[in-house]
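As the structure is a prediction and not an experimental result, all values here were calculated from the model. Whatever order the structure lists ligands and atoms in, that order sets their numbers, starting from 1.
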Amino acid sequence: MDDKISFSWDLHFVCNYRCPYCWFDGKWGDLSKFNLYPSLADVLKAWGRIHDRYGAAHIHLLGGEPLVYPRFPELIRALSRSHNVSCTTNLSVDVDEFLHDIDSARVRFSPTFHPRFADFDRFVSRLLKLQGQGLAAAKVGYLAYPPQIPDFESFRKRFAAHGIALVAMTFWGDYGGISFPAGYSQEEKSIIEPYLADRDGEKFQLEPKKVKGMLCGAGQRYAVVKPDGAVVRCGGSSVSQSMGNLFDDHFALADQPQPCVSDHCPCNEWVALLLEEVA
Ligand code: SF4
Ligand code: SF4
């Protein structure tokens with residue numbers, strides 16, 4: 001990790017899939033009221049203020065599904081002129097529009113394969129197009145949701161036949177009355193552990209790490225922006241601390257790191273942000 005400030009930006013709470021393991025499963029209707037869709041000019045103005053204050057940042061686009069955000073190609077092209085931009089996507093839409101006039105040194109797509117909805121061949125063809133333009137690595141995420149684990153190995157082999165690595169992302173939530181990721185069986189662990197995804201070189205958690213009380217740069221060197229511009233310290237945390245609004249002229253990150261107030265760090269942001277050793 002370099003010393004750039006970084007943000008995750010939930011562009012909108014809209015997705016064309018309905019994965020049962022999604023953070024937002026069962027909440028799409030309630031969350032839709034936060035979808036603001038500001039003009040591109042207002043968006044660029046807000047991120048321009050961030051650039052003036054902190055220099056070029058890393059902005060990671062999430063959702064919902066970023067690719068179905070209105071005028072997404074225009075947005076990513078404009079945003080990446082002054083910031084580094086990455087994007088997690090289900091690759092459910094054609095990528096031809098993103099292949100040109102986009103700086104591969106500043107833009108990266110990170111696809112996740114959702115087998116209940118995605119067409120395998122179409123997904124691979126889109127990823128290979130992005131990869132060919134230097135816009136994606138030959139790596140795909142796969143949710144280690146308990147009912148999907150038995151199919152992991154066959155999908156891994158199918159992707160490997162195209163030179164693509166399939167990595168397992170741990171599921172955070174309840175399934176069958178069991179809380180995950182702590183509830184993975186030995187058999188499930190033996191399937192996913194060799195292929196666990198990582199964040200900045202640190203493997204995703206199979207045993208939830210305890211982070212409460214530890215000094216963390218979330219809110220100071222990193223923050224999460226919601227679709228209405230509301231900024232919180234970090235994502236996935238059970239306790240998200242409000243920090244103002246990106247569209248406010250006076251928005252600023254905190255000056256100092258603060259202790260973590262969450263029991264766990266399910267999005268693995270701790271890897272780059274915690275200032276203390278985690279057990
Ligand atoms: S594709 Fe991603 S955002 Fe959409 S429902 Fe699935 S997990 Fe959620
Ligand atoms: S350790 Fe994780 S949950 Fe805690 S403040 Fe840092 S980023 Fe947020």
Carboxylate-amine/guanidinium proximity below 4.0 Å for Lys189 and Glu207:
yes

So, are Glu153 and Arg156 salt-bridged, with charged N and O less than 4.0 Å apart?
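Answer for the salt bridge query: yes.
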
[X] neighbourhood, listing ligand 1 atoms whose heavy-atom distance to it stays under 4.0 Å:
| X | result |
| --- | --- |
| Gly64 | 3 (S) |
| Cys15 | 1 (S), 3 (S), 4 (Fe), 5 (S) |
| Asn90 | 1 (S) |
| Cys22 | 3 (S), 5 (S), 7 (S), 8 (Fe) |

Is [X] reaching over with its side chain to a backbone N or O of [Y], donor-acceptor style, under 3.5 angstrom?
| X | Y | answer |
| --- | --- | --- |
| Arg116 | Tyr17 | no |
| Arg49 | Phe251 | no |
| Tyr184 | Ala144 | yes |

Which protein heavy atom lies closest to atom 6 (Fe) of ligand 1, and at what distance to 0.1 Å?
Cys19 SG, 2.4 Å

Counting backbone and side-chain atoms alike, is an N, O or S atom of Cys260 positioned under 2.8 Å from atom 4 (Fe) of ligand 2?
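Yes, Cys260 qualifies, because one of its backbone or side-chain N, O or S atoms lies under 2.8 Å.
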
Closest to atom 7 (S) of ligand 1 among Arg116, His114, Arg18 (heavy-atom distance)
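Looking at heavy atoms only, the winner is His114.
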
